[in-house]
Visitor: 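Okay, here's the structure, questions in a sec.
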Amino acid sequence: MTVDWTSLEEKWRQRWCVEKQFESDPDTKKKFFVTVAYPYPNSPQHIGHGRTYTLADVHARFMRMMGYNVLFPMGFHYTGTPILGMARRVQENDKELIETFRTLYKVPEENIREFSEPIKIADYFHQEIKAGMIEMGYSIDWRREFTTIDPVYNKFIEWQFRKLKEKNLVIQGTHPVGWCPRDQNPVSQHDTLGDVEPSFTEYTIIKFRYDRYILPTATLRPETIFGVTNLWINPNVIYEIVEVDNESWIVSSECATKLEFLNKKIAKTGKIIGKDLVGKKVKVPERNEEVFVLPATFVKSENGTGIVMSVPAHAPFDYQALEDLKKNVSQYPDLALIVDIKPISIIETEGYGEVPAQDIVKNFQIGDQNNPRLDEATKELYSREFYGGKLKKNTGKFAKKVVSEAKEEVKKWILASGNADILYELNESPVRCRCGAKCVVKLLDNQWFLNYSDPEWKQKTHSWINEMRILPEEIRNEFNNVVDWLRERACARQHGLGTKLPWDKNWIIESLSDSVIYMAYYIIAKYVNSKEITSDNISNTFFDYVFLGEGEPRKISSECKIKPEVLEKIKDEFQYFYPVNARHSGRDLVPNHLTFFIFNHLAIFPRKYWPEEIVVNGSVMMEGKKMSKSMGNIIPLRDAIRTHGADSIRLAILISAELLQDADFNQEAVRGIRNKLENMLDECTKYKPLKNIDLQQEDRWLQSRLQQLIAKTTFSMQKMRLREALHHVLYEFETDLQWYLKRAMAKKRTDFSGILHEIFSARVAMMSPFVPYVSEEMWSGLANPGLASKTVWPIAIESKIDFQSIQSENLLKLTLDDIKKIIKVTRISPKKIIVYTATPWKVKAYHEILSKVMAGEVNIGALIKSLIADKDIEEIKKDPDFVKKTVNDILSESQEESESKNKVELIDERKVLSELDSLIQSEFGIPVQVFSESDQDKYDPKNKARTARPYKPAILIE
RNA sequence: GCGGGAGUUGCCAAGCCUGGUCAAAGGCGCAGGGCUUAGGACCCUGUCUUUUAGGAGUUCGUGGGUUCAAAUCCCACCUCCCGCACCA
């Protein structure tokens, strides 16, 4: 059967839309508010995006069927810089980008022409993404749609920031960033050529005084100031004399540039060549000693200040350079004294002698200062000393401290005395901006931060994280870790789309900061879209009233020109729908958005509006590979819908992995799924809701299994283990169905349509959240009333489970399996099959043993002793092996299984096994005979009957 | 460096939280059969070793341990993957 998926989906989509099935307003039912991170419209959405949204939609649809008034809205995040960058590239006629628009994104030519305007890009992809969401069948209430540059949204974000500022959570400070001097803008990884992360390291500048000058050196190891024996300078480099904040520094010209961006007032007043400084003596700060400035070729003008402080005891470079110099002392007649310079050891580390640098240089067989292995040696020694070293007593008050701690303390100490400063150095240089300019580290003044370091705020967030529902559970700990290492976060930047900082209009609120409490705005958006409120009238007091219940409604309604009843309605609606019951997002947002989301809700809203649950999902792989533009394996969602149909895609991305795992999307699987759905749809047209017939054993069994299926599936759904739930409904139950049909067919029954109708109706209902379109089609195929999407989720009724029939069918299945196994192993073609059930005393004994084992008694001897006390079963003396085997039988089955056996009376095996006849007849075409072990006139030529045990009949095949 | 996660039978991948139904789901691949002019699709059967009586043996990264019982719990080790900020 071929299904026209496109028109099938269109048909039901129309119906949902016309009947406004997914628009929700406050009513008397319990509400469920589910949200997903809104998309950033700078490209069409692909299958990877589809996963999070589909997950949320399944959640929404499930909760709707569970009887909740579900609100599932969607917005669009225009805030940010990437779209701005794209627009600029279009202006510059960037071939590559335009080609991407054309061929990959299939943007019409007339739209591309407009893309030099950022908003046009956002608008275009906004509509594209929205269309995809509708086609995917997401049950979204579109009346609440908005973008983050809507004027009322701006007012809302202003309100958010004023609130944060009132609570002193927005602070101002100075902050180093990677910076492009040409663009006058911070650079991040995707702003650089080759996507290099512009990371940098903080160095301590130590000021050595020479005459009226300062020779600054940059170091990562300020604690080694106690071991300085000399400075190194490159004799061939021309240094700059620079006035820096009323001091005269001598630094390389590269260093002078760096200092400028670190907000130093710089004036270049002269030049001096390195060799003119060789042999001069400088004062070591805090030590009241003088050391020589010596020449070294390893000193590079682009690193640090271009001058290096020398600690030969602990720095392999310094040690080697000093050795080299001593060897060539004849070249420096004025420096004869240097042969007396001895390394000053200040750190002791296990495994190293008095002069660790000497040890390691020998070990590495360095030879001279240009040996590239010096880097390696430096790294090793640094790390050994950092973690294992202790300062010696020649370091004064820092003695006995471990290096890792002393380092910071020494730095603070020298900084406090004015003999030190801070320098930032890019780790990998040069880093080039996309524009081609060399990046630097800039100290940004008066930057605005959200103070995620605030201990009280952190504490509050921790304790809420430990209370809220987080799925999957493994991720909870990760949230706590994020909270721990989160620091101040810059929350405003100077370019991009977004909302201006209300008290400082030079700044635009950054995109990860204007997207943390917007779920509340979905309530407002409905009234903005219906034009009941406009941006002109909205003020802070409006939000205070709606969200916090603060203020005088009459005053506010006149101030904001909102009818009092509308104001009241909005507030009531907010109070009805808030808090967010479930927030969905990909796991990449855990260390940022999701954590900020919690932080900000806790700061702004009262406890009753804090988010209740977060659901995190993994990403999607394409045919086992990571999706990426360069691999060319990004499939736009709408393309995929056209080829596979929405339902198949939904199922494919949900069934291939559990929540946090990466799901794999592959053509093969999608085809298989579509086939399965088509077969099932076909099946659904066959069964009619016939009135009840005389229920037979297998009917009762199938109905019981259905109850168990419903219970299991519901349990999985509630934990958002969707893969597991699907597995139950789609695949696991198939085995039961096959068995049922086998039984029914063997008995040549024709009256089971009604039973299967009942079964399929329940299954279709449970499939409906996952594959909403085809479920509607199946639902109507089954001639059920109404919509599958709006039907109630099946409820498992324990009393409907007939454990007797479950045990009976199990026995049948196991016996049939055993017969098949015997036939397989013996390779005989059976002519006669005889089955023997256990003798009554064994049945009684089994029952005894079962209840004893369930009570914890597993000792065979003790069991036998208590059993022979019973006259009915004293025969057990003759067959002690029976006890052992029975105990093993019981122990090797599940607790659940044993409990269910313990719960019901033992089944009448003889009666149950008489049902074998039809099965054996249809499978092997021969009859089956059933005896009891205790029958006097039984046919038992091979004396098999005596091996029979309850649930394990003896079998003879001839 | 800090933090998180994973290693399962030819491959992908469940199971692990809550130990026993686990020789271990499902899919792919492979083998046989059905359907078909043939192929594809689809359906059935099989797919660790061994076994002419429903059994036995050896497996879940490696090595220990706890337990009547370990893929599952504990400890150590090895290997691999991901995130680390002004970026959505």
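Numbers restart at 1 for each chain; the letters A, B, ... are given by sequence-line order, proteins then strands.
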Visitor: Which whole-number value in Å describes the distance from A:R587 CZ to B:G83 P?
Guide: 10 Å
Visitor: Could you check whether A:H175 gets within reach of a base, just the sugar-phosphate, or nothing at all, counting any heavy atom under 4.0 Å?
Guide: base
Visitor: Grab the N/O contacts between the protein and nucleotides 44-48 of chain B below 3.5 Å, and write none if there aren't any.
Guide:
none

Visitor: What interatomic distance, in whole Å, is found between C1' of B:G15 and the corresponding atom of B:C68?
Guide: 23 Å
Visitor: Starting from C1' on B:C82, measure out to CD1 on A:I475 and report it in whole angstrom.
Guide: 11 Å
Visitor: Does B:A88 have OP1 or OP2 sitting under 4.0 Å from an N or O in the side chain of A:T81?
Guide: yes
Visitor: Is A:W448 reaching over with its side chain to a backbone N or O of A:V170, donor-acceptor style, under 3.5 angstrom?
Guide: no
Visitor: Starting the side chain at C-beta, find the nucleotide from B:C84, B:C86, B:A88 nearest to A:H77.
Guide: B:A88
Visitor: For B:C80 and B:G64, measure between their C1' atoms and round to the nearest Å.
Guide: 23 Å
Visitor: To the nearest 0.5 Å, tell me how far A:L916 CG sits from A:L812 CG.
Guide: 5.0 Å
Visitor: Is there, by distance only and without an angle test, a donor paired with an acceptor across the side chain of A:N481 and the base of B:G3 below 3.5 Å?
Guide: no
Visitor: I'd like to know if A:N592 reaches the base of B:A88 with its side chain, counting only an N/O donor and acceptor under 3.5 Å.
Guide: yes
Visitor: For A:I823, answer base if it contacts any base atom (sugar-phosphate contacts may also be present), sugar-phosphate if it contacts only those atoms, and nothing otherwise; contact means non-hydrogen atoms under 4.0 Å.
Guide: nothing
Visitor: Might you work through the side-chain contact (heavy atoms from CB on, under 4.5 Å) test for A:N617 and A:R587, ending with a clear yes or no?
Guide: CA-CA 6 Å; A:N617 64 269; A:R587 72 174 310 173; over 6 Å; no
Visitor: Which whole-number value in Å describes the distance from A:F479 CZ to B:G3 P?
Guide: 18 Å
Visitor: Using the C1' atom as the reference point in each nucleotide, state the distance between B:C42 and B:U36 in Å, no decimals.
Guide: 11 Å
Visitor: The side chain of A:K944 lies closest to which of these nucleotides: B:A53, B:C86, B:A88?
Guide: B:A53
Visitor: Give each protein N/O atom lying under 3.5 Å from an N/O atom of nucleotides 24-26 of chain B, with the pair distance.
Guide:
| residue | atom | partner | partner atom | Å |
| --- | --- | --- | --- | --- |
| B:A25 | N3 | A:H727 | NE2 | 3.4 |

Visitor: Rounding to the closest angstrom, what is the interatomic distance between B:C43 and B:A23 at atom P?
Guide: 29 Å
Visitor: Here's a test of your reading of the structure: between A:L956 and A:P591, which maps to the more 5' nucleotide of RNA chain B?
Guide: A:L956
Visitor: From B:C86, B:A88, B:G54, pick the nucleotide closest to the side chain of A:T947?
Guide: B:G54
